[in-house]
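Notes follow the structure.
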Amino acid sequence: MHTPVKRVLVNEPVCMGCHLCEVYCQLQHSRSTDLIKAFKKESPRQLPRLRIEARNPVFFSLRCQHCTESHCIYACLTGALSRNTDTGAVIIDEEKCTGCWTCIITCPYGSIRPDTLRHKSVKCDLCQGAETPACVLHCPNEALVYEDTGDREGKVSRVEAPVLK
Amino acid sequence: MTEARHNHYLIIGNSAGGIGAAEAIRECDKTSPITIVSDEPYPAYSRPLISEYLATKCPLERMLYRPPDFYEKSGIRLLSGRTAVRIDIKDQTAELEDGAEINWDKLLLATGGSPIVPPIDGRKSTGVFTFTTLADARAIDKFIKKGMRAVVIGGGLIGVSVTEALERRGLKVTIVEMKDRILNTILDETASAIAAETLEKNGVKIITNHTVTEINSEFTTDRIHAVTLDDSRGISCEVVIIAIGVRPRTEIASEAGIRVNRGIVVNRTMMTSHPGIYACGDVVEAYDFIHGENRVTPIWPNAYLGGRVAGFNMAGRPTVYAGGTALNSIKYFGMAITSAGVFAPVDSTGEVVTTKNGEVYRKLILKNGRLSGFIFCGDIERSGIIYGLMRDQVNVAGYKQTLIADEFSYISLPEPVWRERLASTFKPQPVEAETVKVEALR
Ligand SMILES: Cc1cc2nc3c(=O)[nH]c(=O)nc-3n(C[C@H](O)[C@H](O)[C@H](O)COP(=O)(O)OP(=O)(O)OC[C@H]3O[C@@H](n4cnc5c(N)ncnc54)[C@H](O)[C@@H]3O)c2cc1C
């Protein structure tokens with residue numbers, strides 16, 4: 001039913017855990033989008049919308065999967081979470097988010113983060129329709145790719161996908 | 001008079017459940033008429049936000065659950081400020097208080113709950129309120145002044161929400177809770193104590209193991225000045241909020257002969273005992289996957305999800321409700337607590353693992369190696385991963401301690417587990433020639 005969404009996929013064997021995706025994600029979502037200002041002057045500093053999972057020698061960055069059946073949207077108490085019908089991305093309207101953290105419990109990927117200083121939930125927004133999200137663009141090793149995955153659904157969200165097969 | 005318009009879908013109740021259903025219907029059926037009837041006079045708003053409204057007087061636009069053009073864009077007729085008083089199953093009509101009659105092919109009852117008001121003397125006096133609607137919040141807002149003293153009867157979710165709002169408005173609040181601790185339906189002793197301590201640090205007085213037996217008011221003005229407890233103790237106050245719970249608004253269903261137990265009984269498609277009539281949200285007893293039976297679980301996410309399943313089925317897309325369970329995220333005075341399922345084992349086969357370090361407290365309840373509940377206090381960021389494992393009933397017996405460790409993240413799980421659960425995030429790797437050969441030889 002939903003617009004098939006392009007997703008950021010991890011080419012895990014070639015990820016070295018350099019954290020550049022994290023840095024550029026933070027920069028992209030900063031107010032100044034200036035590297036020095038974003039990291040040295042802005043307060044509160046924006047959180048990265050992804051997390052690095054690391055257990056040497058395995059590394060990968062994990063972010064919102066923009067699930068077809070998005071439990072975060074269904075659970076959101078205020079209507080701050082919705083799906084952008086153009087990009088298919090699940091996005092948070094910060095004006096409406098009150099930081100109740102209900103969405104955080106419902107994300108099986110642990111990919112919504114509580115920004116406790118700003119009282120907002122934050123998550124990957126696929127850089128708001130950018131041709132290539134910042135994390136992918138700045139990955140030095142092509143360990144991140146941006147691909148049309150159709151309606152490919154994570155195993156995790158399967159159980160509550162309500163459609164009877 | 002039955003109106004001429006043919007109404008394919010009729011939804012009574014314009015909140016989480018009703019909107020969840022309407023949105024699901026519109027995913028499958030773009031054109032058939034939908035009417036939503038609501039006795040509240042506004043578009044759908046976020047009910048949990050009424051405490052934010054009371055605390056900060058945020059404008060109504062900020063409380064709207066959907067954008068202002070939602071109804072128009074979705075082709076939904078909203079009849080707001082109108083109460084449905086009766087449904088006629090044979091004629092497939094609903095009668096409104098003003099006499100209008102609306103026909104339907106498919107009906108959804110998403111009528112929610114209404115506050116329980118015990119027969120305490122003085123409950124009708126000036127200064128006594130309940131707290132479940134925006135109208136309640138507005139009435140309290142108009143009445144209160146900084147420095148007033150308030151007694152909140154009931155230390156559950158709604159009681160604590162209104163307490164925080166009143167404190168933020170500069171009132172002095174005392175909670176009177178009948179049981180031995182606040183938030184006793186969703187938290188265990190330890191987490192309740194953490195919550196109670198946070199409230200007390202912020203100036204709230206908590207009295208447990210007592211009830212209010214009388215609300216006392218001035219004879220001439222009817223304004224309240226105190227409450228009396230069951231041990232005859234008096235507490236002076238100008239405001240009383242009754243927040244002992246909500247009960248499902250089942251009247252129109254039971255009067256029509258629809259099966260009602262504690263809530264309206266629905267099957268796994270959210271259909272009531274009458275074909276074509278569905279129900280969801282706070283008014284129902286729907287499947288709880290932890291208890292393995294129908295239960296009333298009055299929370300917003302379950303209302304929306306139940307509504308979504310109902311909507312799909314009403315629109316002809318067969319869908320099963322996987323079930324919901326108690327699920328809460330609370331944050332009072334900045335203290336975050338998440339919990340789901342049961343907070344203690346229900347029988348002797350249950351198992352508990354915990355860790356506590358100051359205000360950071362984590363607890364898992366397991367049964368046969370599978371999660372049946374958890375509580376996370378203080379550090380809640382990873383509780384979604386835990387809830388995912390619980391929802392999918394993954395056997396976590398081999399790594400339960402890992403789940404409550406400080407540094408827990410996805411990669412702390414055994415590799416086959418995270419690889420399976422995160423399959424959608426990895427770029428599929430070409431199968432190596434060697435593997436193919438080995439497979440072929442088998
Ligand atoms: C103060 C407060 C805080 C809360 N905080 C949380 C929270 O943090 N997290 C959480 O998950 N949940 C919370 N809840 C619970 C949550 O609001 C409910 O679970 C949710 O609103 C249920 O949605 P619903 O659609 O089933 O019913 P409701 O929201 O109760 O809506 C039902 C609607 O139907 C209308 N109606 C009923 N009968 C008729 C009729 N005969 N004719 C016309 N209209 C009718 C009612 O007036 C109402 O507008 C909170 C509730 C309150 C009051």
Side-chain angles (χ1 to χ4, degrees), chain A residues 1-2 7-13 51 53-55 58-63 65 67 69 71-79 82 95-96 98-114 116 119 144-145 147 149 152-164, chain B residues 16 20 27-28 44 46-49 52 62-67 269 300-301 304-305 308-309 312 317-323 327-331 334 336 338 340 376 380-389 391-393 409-412 415 418 420-429:
Chain A
M1 280 315 290
H2 297 294
R7 290 206 183 100
V8 177
L9 299 183
V10 187
N11 192 6
E12 184 258 307
R51 274 180 160 269
E53 298 279 344
R55 194 198 266 162
V58 179
F59 304 96
F60 57 91
S61 59
L62 183 58
R63 60 186 63 58
Q65 301 295 298
C67 306
E69 286 292 335
H71 285 275
C72 55
I73 299 179
Y74 308 154
C76 178
L77 305 182
T78 66
S82 66
E95 287 285 302
K96 297 196 79 178
T98 57
C100 75
W101 313 149
T102 304
C103 56
I104 289 174
I105 332 179
T106 65
C107 176
Y109 301 101
S111 288
I112 306 181
R113 308 190 64 178
T116 51
H119 305 288
L144 293 174
V145 293
E147 284 183 2
T149 55
R152 198 156 75 96
E153 194 56 359
K155 168 117 176 87
V156 177
S157 16
R158 174 188 48 87
V159 168
E160 270 199 323
V163 180
L164 240 193
Chain B
E27 282 184 30
C28 324
S46 169
R47 192 167 307 287
L49 271 192
E52 196 64 25
R62 272 209 59 203
M63 303 198 46
L64 289 186
Y65 181 50
R66 291 294 182 248
T269 67
W300 188 276
Y304 186 93
L305 208 57
R308 184 166 174 83
V309 172
F312 281 143
R317 185 196 287 184
T319 305
V320 167
Y321 182 52
L327 171 77
N328 285 286
S329 171
I330 57 178
K331 204 177 73 180
T338 57
F376 276 53
I380 58 98
E381 184 161 352
R382 325 266 57 211
S383 53
I385 303 176
I386 309 295
Y387 186 62
L389 294 165
R391 198 155 68 184
D392 294 350
Q393 288 290 289
S409 77
Y410 240 108
I411 211 158
S412 327
E415 182 162 343
W418 64 253
E420 186 191 9
R421 298 185 68 74
L422 299 180
S424 70
T425 197
F426 294 120
K427 188 173 165 59
Q429 298 295 319

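What you are looking at is a predicted structure, and each value in this text was computed from that prediction instead of being measured. Here is how names work: the chains are called A, B, and so on, in the same order as the sequence lines, proteins then strands, and each is numbered from 1.
- Not counting sequence neighbours, the partners of B/Phe376 by the ring-ring contact (aromatic ring centres under 6.0 Å, His included) test are B/Phe374.
- No other option in B/Ala336, B/Ser46, B/Pro67 has as many heavy-atom pairs under 4.5 Å with chain A as B/Ser46.
- Separating the CD1 atom in A/Ile73 from the CZ atom in B/Arg308 is a distance of 8.5 Å, to the nearest 0.5 Å.
- Across B/Ala340, B/Gly20, B/Gly384, B/Ser412, the residue that shares the most heavy-atom pairs under 4.5 angstrom with chain A is B/Gly384.
- Aromatic ring orientation, B/Tyr304 versus A/Tyr74: parallel (interplanar angle below 30°, classes split at 30° and 60°).
- Rounding to the nearest 0.5 angstrom, the gap separating the NZ atom in A/Lys96 from the CE atom in B/Met63 is 10.0 Å.
- Annotation: side chain of B/Ser424 is in contact with side chain of A/Tyr109 (closest heavy-atom distance under 4.5 Å).
- Smallest separation of non-hydrogen atoms from B/Lys331 and A/Gly99: NZ-O, 2.6 Å.
- Considering every non-hydrogen atom in both A/Pro13 and B/Gln429, the closest pair reads CD-NE2, 3.4 Å.
- For A/Val58, the parts lying under 4.5 angstrom from a heavy atom of chain B are both the backbone and the side chain.
- Note that OG1 of B/Thr425 is 10.5 Å distant from CD of A/Glu12, once rounded to the nearest 0.5 Å.
- Under 4.0 Å is where a charged nitrogen must lie from a carboxylate oxygen, and between B/Arg62 and A/Glu95 no such pair does.
- Of the two parts of B/Arg382, only the side chain, counted from C-beta on, holds a non-hydrogen atom closer than 4.5 Å to a non-hydrogen atom of chain A.
- Contact of the B/Trp300 side chain with the A/Thr102 side chain is not registered, since no non-hydrogen atoms from C-beta on lie closer than 4.5 Å.
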Item checked: Worked check of side-chain contact (heavy atoms from CB on, under 4.5 Å) between A/Leu62 and B/Ile411 -> CA-CA 10 Å; A/Leu62 183 58; B/Ile411 211 158; over 6 Å; no
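- Heavy-atom distances place the side chain of B/Leu49, and not its backbone, under 4.5 Å from chain A.
- Of all heavy-atom pairs between B/Tyr410 and A/Glu53, the closest is N-OE1, 3.2 Å.
- The backbone N or O of A/Cys100 lies less than 3.5 Å from a partner atom in the side chain of B/Ser329, making a donor-acceptor pair.
- A/Cys103 does not touch chain B: none of its heavy atoms, backbone or side chain, sits under 4.5 Å away.
- Between A/Thr106 and B/Arg391 the shortest heavy-atom distance is O-NH2, 3.8 Å.
- Counting heavy atoms from C-beta on, the side chains of B/Thr338 and A/Ile104 never come closer than 4.5 Å.
- Most heavy-atom pairs under 4.5 Å with chain B: of the set A/Leu77, A/Thr116, A/Ile112, this distinction falls to A/Leu77.
- Once rounded to the nearest 0.5 Å, the distance linking OG1 of A/Thr78 with CZ of B/Arg47 reads 14.5 Å.
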